[in-house]
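Below, all heavy atoms of this structure are taken into account, side chains as well, without hydrogens, waters or symmetry copies. Every chain is numbered from 1, with letters handed out A, B, ... down the list of sequences.
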Amino acid sequence: MPPSIHPVDLILALRDKHLTPAIVFLTSRRACDEAMQAFDHSRILLPPPRQQAIADVLDKVIAQYPSIAEHPLIPTVQRIGVAAHHAGHLPSWKIAVEELMRHGCLDAVFATTTLAAGVDFPARTVIITQSSIRKSRDFMDLTIGEVQQIAGRAGRRGKDLVGFAIVTPSPYIDLNVLTKGFTGHPEAINSQFLISYPMVLNLLKAHPLDQIQPILAKSFAQFQLNQRAEVLERKLDDLRDQMEPFGPRVCTDWITEWQTFDQVRRQKSHRAPVRKHEPPEVAARFHFLTPGRVVGFGRSRGVVLRQYRSKGQKSPMITALRLGGGITESPASTVTEVSDRVLDCVDAPVYPWCTPESVEELLHHLEELPGRLPELPILIPKDDEPIPDAIVQTLGDFACPTCPSRSACQRDYPLAAKLRQEQHRHVKSIQALRTSLWHRFQEKIDVLQQFGYLTPTAHLTEDGEWARLIRIDHSLLITELLRADAFSGADPAMLAAVMSSIAHDDDRPGAFPRVSSGLASLLGQVRKLAASLSPHEDPPLLRADIAAVTERWIGDPGLTWIGLCKSTTMAEGDIYRLLARTLEFLSQLHTLKATHPGLTDTASRAIAALRRGVLEELP
Amino acid sequence: MTTEELEQLLAQQPIALLHRLARGRVQRHFRAGKRRLIEVLLRHSAENRAGFESDLMTLIGEKHARPAPPPPQAPAIRKQKSSAPQRRTTHRPVEPESHEPAITLSSWLEGLGIPPSKAFVPDAWQEEAIAKLREGDVVVSVPTGSGKTYVAVEAARRAIAENRTVIYTSPLKALSNTKYTEFSKIFGAEQVGILTGDRRDNGQAPLLIMTTEILRNLLYDAGGGEIDVRLDTLGLVILDESQYIADPERGVVWEETIIFCPSQARMLLLSASIGNPHDIAEWITSIRPTPCHLVRHSTRTVPLRAGYLHPNGKLTPLFRTVGIPHGHPSYLHPEAKRLFLQYEDETLPSHSRR
Ligand SMILES: Nc1ncnc2c1ncn2[C@@H]1O[C@H](COP(=O)(O)OP(=O)(O)OP(=O)(O)O)[C@@H](O)[C@H]1O
Ligand SMILES: [Mg+2]
């Protein structure tokens, strides 16, 4: 048995059951082209009036888009009433096929699934031959939404009473994916919020830094992150209820107290005390407990005013201003949370260790702070590391052995500790969900500051002012090229050629014209720069062969479209798309008139030279 | 209820409930912790104490009405938009008894044909979408080929009649070109313009077509103070194929466009069927001055049937039922099942099957 139905048999079967017109979705452009070739010597001709109708529609389209007058598929289209429609074709050809379909002239169109999105192209029947599609160089199963989008092309309002979606197998088809797709509910969609350099520059152009977070909070991304945080908050509520019986006992934080005591107790037996040492987490945190730092004490919160060591034991201590206005001296170990926030405070040599005005201000800020603050990531050794000798030595300091709640603590500790750990984990995750966009934004700010597009206060520098107008992929590479004056000696053809090698992201091999030596060396320079930027921006492919296509088209105004196509194995539609994208990139350069007059002049000449023939047919 | 009692009651509620209460009352309530949230809610309740208390009681009631404590992974129960046109027709009642025989090919093919032509009557959901645009933004999520363009055209017609500018965006240049032709026929060529990166055809027309990226750039330029299309008269922004918001590379552009769309303009989002259109509507409501109304349905206007065509040319229904058995992917037609198994047997390399 053949691995899939022969195109001619397919059309015969469809005609026989009155299932035309149909869209036949095939896995690749090549499959579409081969399907068309299968009709070359076929005798299943259309009756003459229908052939004439096709010719009439085509004539009208050709009058508007002369580029398709000689299209090699026209004879088959007219004789058989089938056509191919995929990304390898010119837009004008695709318009012609769509127009034929709209007039009901065709029996079938062989297409790739790119057609499923958006193009108004309905039919009575849709033929599905695949259950996966190529997405960014990988084959992925079709989603339910995609299956329904594809199948949904079947059945035209006003022209059909019913539509048919017909599966015909080809190798590697998975019928389950398709039946699930037909019968299921489309998936929920998720935000794909990417923070790009131009976004950062444009936002900071229009808004001061402290307004950015509220703007990011308006994104669908944050909306969905908040939904996830809400789920965790509900879990947190539950945990809080479960923790109810484990509130403060003789000591406020009995869980930690017991944990330390218990571990010390166990280690004591086989370890001899050596030398005085602090618990690692306290030692690690103590560095950060500097004046102005916002910290949490269990459920309450405060600002550090000073840090010092106690006279006798030399244990780490802090003076803190608490919510409500109290000023307390406490061991550093009572700090449960070190936030990443530091408030301004003017320190003073004597109690309360800062100016009275500062105290007022700090208190005010403290009250205004949001409920949850991002915690400072401090690396703390894990629980199961040996307890430092200092504590082992001071076992006598623990009140536990004689404490009245000792047995209760011993009993409850395992569950309470587990719940509390879970609580901490959720709190951390919630913080991450609430602040991740902002952190990603800040990372981009850092890079832009490093490169001098932003001042240390996150205002646009002179370079930032124009760089924000470059709003395309690889914007950092492009703006850096401009700052390096890489195009000073470039003619329009070279400028456009480099832009197309930046714009082009397909690695399909092929045969191409040769590049000029000037362009080759310029591309070498671009590649070097792109490589040096790679920690901050993925480098583009920068294919010289692709650049050469553009260079030829612009460099030789006498070159015809056919001539250009003959110079490479690239498909017509791909060349068109390459040049159209180049046009887009060039027109972005064109917006830099005020700061880069020479460059914009070259860019406009390149645009003018590029827009001719086929490239002039459509807006 | 005294303020103290109210405060106590609030304190007893889970934070998620407080957030729901805060929705539409308190800006950026997501940023507040429980204590702070209660504080602001109390302050806010002063304005309309009765309304506030009744909302609170409703939410508490809803919580208790929930059967058991919800499983932790259960999605948030959302306030159903009271005016939602049609509830999801989740699983249509196509569940013939298993002893009922699978349908035959001829009854599967029955009814095929061309409907008698009749005068154009807009669907209820189309009317609803157009009407709701008067009050606020609208998200439409309906199956492919339902007639979203009609909504776009009528909404644009109204806005133009009120001397407002309309921007229509699509994700693809090709689609923009098609719509340019289509809209020029409907409104007259002088009424429609198209903008691309380097070209501007009839840029002063009241109905402008562009890709979403171009609109995003316009909005950034307006934000930076340099404006070259008249956004002050902008009355309506139509984002067609807005399910593209989930596109891995370009989706962010839709978010930017929605975030920065001038507040005086209405937004009309046209989307294919997606799983969570209420999320989109709720999100837009939360960031825009007017509420966003959701128009959705999942019933296809032209019914769809699924079939299986064997490489030898034999056609059979794919499912046991004439229509598509929603929710029952395994309801395969025995003939289709047999033929497909046979196909796999014959085409798959033998070692991969043992
Ligand atoms: N109320 C109606 N009655 C009859 N036909 C209608 C009605 N509304 C729209 N149509 C027709 O339905 C067809 C499909 O409409 P349209 O292209 O607007 O669908 P769509 O929802 O935009 O689909 P897509 O998902 O492909 O973008 C058109 O031919 C249109 O004329
Ligand atoms: Mg549409």
Side-chain angles (χ1 to χ4, degrees), chain A residues 1-5 9 13 17-18 91 118-120 122 148-149 151-152 154-155 157 159-169 171 175 179-180 182-183 185-190 192-194 202 205-206 218-220 223 226 230 233-235 237 370-372 471 583-584 587 607 618-619, chain B residues 14-16 30-33 36 72 76 111-115 143-145 172 174-175 177-178 194 196-199 201 217 220 223-224 241 243 246 248 251-252 255 259 272-276 283 287 301-309 311 313 318 324-329 340 343 346-347:
Chain A
M1 179 168 45
S4 49
I5 191 165
D9 295 339
K17 298 279 191 279
H18 305 285
V119 187
D120 183 21
Q148 295 190 355
Q149 185 108 346
R157 266 200 104 160
K159 290 188 190 157
D160 290 309
L161 288 166
V162 273
F164 296 88
I166 297 175
V167 180
T168 184
L175 197 58
T179 52
K180 252 195 237 145
F182 284 135
T183 57
H185 266 298
E187 295 82 359
I189 59 173
N190 289 314
Q192 305 284 344
F193 201 78
L194 296 176
N202 282 292
K205 164 74 179 174
K218 285 175 145 191
S219 63
F220 187 47
F223 179 87
N226 286 343
E230 271 180 76
E233 258 155 12
R234 270 193 295 278
K235 284 192 194 166
D237 281 334
R372 290 176 218 279
R471 299 160 181 153
L583 212 47
E584 221 172 278
S587 61
I607 291 174
L618 288 161
Chain B
I15 187 137
F30 281 118
R31 307 206 50 77
R36 175 106 187 111
L112 170 161
I114 302 167
T144 309
L172 308 164
L175 197 58
N177 284 328
T178 313
I194 189 164
T196 63
D198 65 313
R199 214 161 121 175
D201 291 5
N217 290 350
Y220 271 142
E241 306 292 338
Q243 71 274 10
V252 60
E255 293 197 40
I259 296 171
S273 281
I274 55 171
N276 54 343
W283 163 56
I287 64 166
T301 340
V302 179
L304 191 63
R305 297 177 189 171
Y308 174 84
L309 179 64
L318 180 62
I324 286 176
H326 293 275
H328 298 281
F340 186 72
Y343 174 83
E346 290 177 25
T347 54

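Heavy atoms closer than 4.5 Å to chain A are found in both the backbone and the side chain of Tyr308(B). Looking at Ile607(A), only its side chain comes within 4.5 Å of chain B, counting heavy atoms on both sides. The parts of Arg305(B) that come within reach of chain A are both its backbone and its side chain, each placing non-hydrogen atoms under 4.5 angstrom from that chain. Only the backbone of Lys159(A) comes within less than 4.5 Å of a heavy atom of chain B; no side-chain atom from C-beta onward does. Using a 4.5 Å cut-off between heavy atoms, Asp160(A) contacts chain B through both its backbone and its side chain. Residue Leu318(B) touches chain A through its side chain alone, counting heavy-atom pairs closer than 4.5 Å. Contact of Pro143(B) with chain A is not made at all, since no heavy-atom distance falls under 4.5 Å. Using a 4.5 Å cut-off between heavy atoms, Asn217(B) touches chain A through backbone and side chain atoms alike. For Ser273(B), the parts lying near chain A are the backbone and the side chain together; criterion is any non-hydrogen pair under 4.5 Å. In this structure, the portion of Ile194(B) lying under 4.5 Å from any heavy atom of chain A is its side chain and not its backbone. Residue Pro91(A) does not touch chain B at all, counting heavy-atom pairs closer than 4.5 Å.
A distance of 7.5 Å separates NE2 in His18(A) from CG in Leu112(B), rounded to the nearest 0.5 Å. Interatomic distance, CD of Glu187(A) versus CD1 of Ile274(B), reported as 11.0 Å (0.5 Å rounding). With rounding to the nearest 0.5 Å, the separation of NZ in Lys17(A) from CG in Leu309(B) is 9.5 Å.
Taking chain A as the reference chain and counting heavy-atom pairs below 4.5 Å, the highest number among Gly197(B), Ala246(B), Gly111(B), Pro115(B) is found for Pro115(B). Of the residues considered (Leu618(A), Thr168(A), Ile189(A)), Ile189(A) shows the highest number of contacts with chain B, using heavy-atom pairs under 4.5 Å. Most heavy-atom pairs under 4.5 Å with chain B: of the set Gly152(A), Ala154(A), Gly163(A), this distinction falls to Gly163(A).
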Stepwise side chain to side chain contact (heavy atoms under 4.5 Å, CB included) check, Gln192(A) with Leu194(A): CA-CA 6 Å; Gln192(A) 305 284 344; Leu194(A) 296 176; 5.7 Å; no
Side chain to side chain contact (heavy atoms under 4.5 Å, CB included) between His328(B) and Thr183(A), intermediate numbers included: CA-CA 6 Å; His328(B) 298 281; Thr183(A) 57; 5.6 Å; no
Trace of the side chain to side chain contact (heavy atoms under 4.5 Å, CB included) decision for Val167(A) with Phe182(A): CA-CA 11 Å; Val167(A) 180; Phe182(A) 284 135; 3.8 Å; yes
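In terms of heavy-atom proximity, Phe164(A) sits nearest to Leu304(B) at N-CD1, 4.1 Å. Closest non-hydrogen pair, Pro311(B) versus Pro169(A), comes out as CD-CG, 3.8 Å.
Between the Glu255(B) side chain and the Phe220(A) main chain, a donor and an acceptor come within less than 3.5 Å of each other.
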